Trainee: 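This is the structure I want to talk about, given as structure tokens.
Note that this is a predicted model, so its numbers are computed, not measured. Order of listing sets the numbers, starting from 1, for every ligand and every atom in it. Computation of the quantities below employed the complete heavy-atom set of this structure, encompassing side-chain atoms and omitting hydrogens, waters and symmetry-equivalent molecules.
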Amino acid sequence: MISRPSNSGTATPHEGFSTEQYFETQPPPPDLDARIQPARDFVERWNRVEGKKVVVVTSGGTTVPLEANTVRFLDNFSAGTRGSTSAEYLLSAGYAVIFLHRQHSLKPFSRHYSHSLNPFLDLLHLPEPGASRQDISVTNQDANHLLPVLKAYKEAQTAGTLLQMDFNTVNDYLWILREMARVMGVLGRRGMFYLAAAVSDFFLPLDRMAEHKIQSVKGNLVLEMDQVPKVLRPLVQEWLPEAYIVSFKLETEQALLIPKAQKALTRYGHQAVVANDLHKRKHEVCLVEKTPRSGQEADSTSEFTETWLKLEQLANRKTSSGSTPEIEELIIDELLKRHEVWLKG
Ligand code: PAZ
């Protein structure tokens, strides 16, 4: 029986669910174990390769169902661009990548040919009428763009360095994330979490969710949602204390961006926050970290360092795909250096 946490526990419903209460009361996705098994095999395989770094990239938005037999749900804007693009740069930097993404959001490599922006079928040309061979062709210009993408995709496939897993609801996401922390533990400092997914802050607990489609005859719909527990805290402090953990902070008010990123670092004690403004996120972000004192790792008393990364810094650099510059190249470049230092720590 699923029930709300009682007021007698460490948190009242208005204070929200603690992480423990959440996992005690909200059921796991039915096929959780089967969904995690490929990740166990993947990590076990790459853990045997000396020095191989493995990263979990989370990407896309999470849904919040309003009905158990879900017809309606809340969603957010994230298309999965940040996560899918970053995954490609991480692969080219030699990481084995577990790409944990919202179902049907953008994926590494295929993102270049998303059906809405650049439909793949539009690149292909039919054989000439009456031609003896039925070869499909692409123009030279399209081939120039396609070739590096295709090469990188085939390389990842052949080497087995990319594992893709999906989630849909915020509940799926939380359960899978906790399992992934367990799986990644064996890697110690070689593991990285790159948490770019836009995870809902609110959810509807199962015991208050309508079982069937909510009927409009009952008048207005009033929703009271609970806060999703901040799993970054146990992720950093209990589940994976050795991994290099990067979270993202999205704001729409510039003035809140850096203070909130700093607050997250102070609260959770992880290694870096990538702070981004909704409207500027594709051309500038700020990497916020605690500043280590000489010869020591950063701690709760350390000052903060802010490193602004701007797309214009790529103007004179040849991009690895030979195409449009992407800010994720800068983000990953910076994080690679920091993960190396973390590894030696
Ligand atoms: O998926 P996308 O590229 O459209 O957006 C990326 C993003 C803004 C969701 C990501 O950079 C981010 O900030 N994620 C964390 C959001 C949050 O504060 O929960």
Trainee: For ligand 1, which part of Leu250 has a heavy atom less than 4.0 Å away: the side chain, the backbone, both, or neither?
Mentor: both
Trainee: Please, which pairs that meet side chain to side chain donor-acceptor pair (under 3.5 Å) have at least one residue in residues 119-130, sequence neighbours excluded?
Mentor: none
Trainee: In the protein, what heavy atom is nearest to atom 6 (C) of ligand 1, and what distance, to one decimal place, separates them?
Mentor: Arg82 CB, 3.6 Å
Trainee: Using a 3.5 Å cut-off on N or O atoms only, is Gly80 in polar contact with ligand 1?
Mentor: yes
Trainee: Under 4.0 Å from a heavy atom of Ala197: give me the atoms of ligand 1 that qualify, with their elements.
Mentor: 14 (N), 15 (C)
Trainee: Run the numbers on Ile36 and Met165 for side-chain contact (heavy atoms from CB on, under 4.5 Å), then give the verdict.
Mentor: CA-CA 9 Å; Ile36 300 298; Met165 300 168 69; 4.0 Å; yes
Trainee: Tell me, do Lys213 and Asn69 make a side-chain contact under 4.5 Å, heavy atoms counted?
Mentor: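 No. Closest side-chain heavy atoms not under 4.5 Å.
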Trainee: Between Ser92 (side chain only) and Tyr89 (backbone N and O only), is there a donor and an acceptor less than 3.5 Å apart?
Mentor: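 Checked: pair present.
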Trainee: Does the plane of the ring in His101 sit parallel, tilted or perpendicular to the ring in Phe99? Use 30° and 60° as the thresholds.
Mentor: parallel
Trainee: Arg102 and side chain to side chain donor-acceptor pair (under 3.5 Å): which partner among Asp166, Asn168, Thr62?
Mentor: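 Among Asp166, Asn168, Thr62, the one meeting side chain to side chain donor-acceptor pair (under 3.5 Å) with Arg102 is Asn168.
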Trainee: Would you mind running through ligand 1 and noting each atom that sits below 4.0 Å from a heavy atom of Phe77?
Mentor: 4 (O), 5 (O), 8 (C), 9 (C)
Trainee: Taking N or O atoms only and a 3.5 Å limit, does Ala79 qualify as a polar contact for ligand 1?
Mentor: yes
Trainee: Using a strict 4.0 Å cut-off to heavy atoms of Thr81, name the atoms of ligand 1 that fall inside it.
Mentor: 1 (O), 2 (P), 3 (O)
Trainee: Among all the protein's non-hydrogen atoms, which is closest to atom 11 (O) of ligand 1, and how far away is it?
Mentor: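 Closest protein heavy atom to atom 11 (O) of ligand 1: Asn276 OD1, 2.7 Å.
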Trainee: Evaluate the criterion side-chain contact (heavy atoms from CB on, under 4.5 Å) for residue pair Arg338 and Gln271; output intermediate values, then yes/no.
Mentor: CA-CA 9 Å; Arg338 284 148 174 88; Gln271 285 66 47; over 6 Å; no
Trainee: Please work out which of Ala196, Gly60, Ser105 has its closest non-hydrogen atom nearest to atom 7 (C) of ligand 1.
Mentor: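 Comparing heavy atoms across Ala196, Gly60, Ser105, the nearest one to atom 7 (C) of ligand 1 lies in Ala196.
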Trainee: If you have a sec, work out which protein heavy atom is nearest atom 5 (O) of ligand 1 and how many Å separate them, to one decimal?
Mentor: Arg281 NE, 3.4 Å
Trainee: Tell me, which pairs form a ring pair (Phe, Tyr, Trp, His ring centres under 6.0 Å) where one or both residues lie in residues 184-216, sequence neighbours left out?
Mentor: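 Listed once each, the pairs are Phe17-Phe203, Tyr22-Phe203, Tyr194-Phe248.
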Trainee: Polar contacts were defined as any N/O atom of the residue lying under 3.5 Å from an N/O atom of the ligand; does this apply to Ser78 and ligand 1?
Mentor: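 Yes; at least one N/O pair falls below 3.5 Å.
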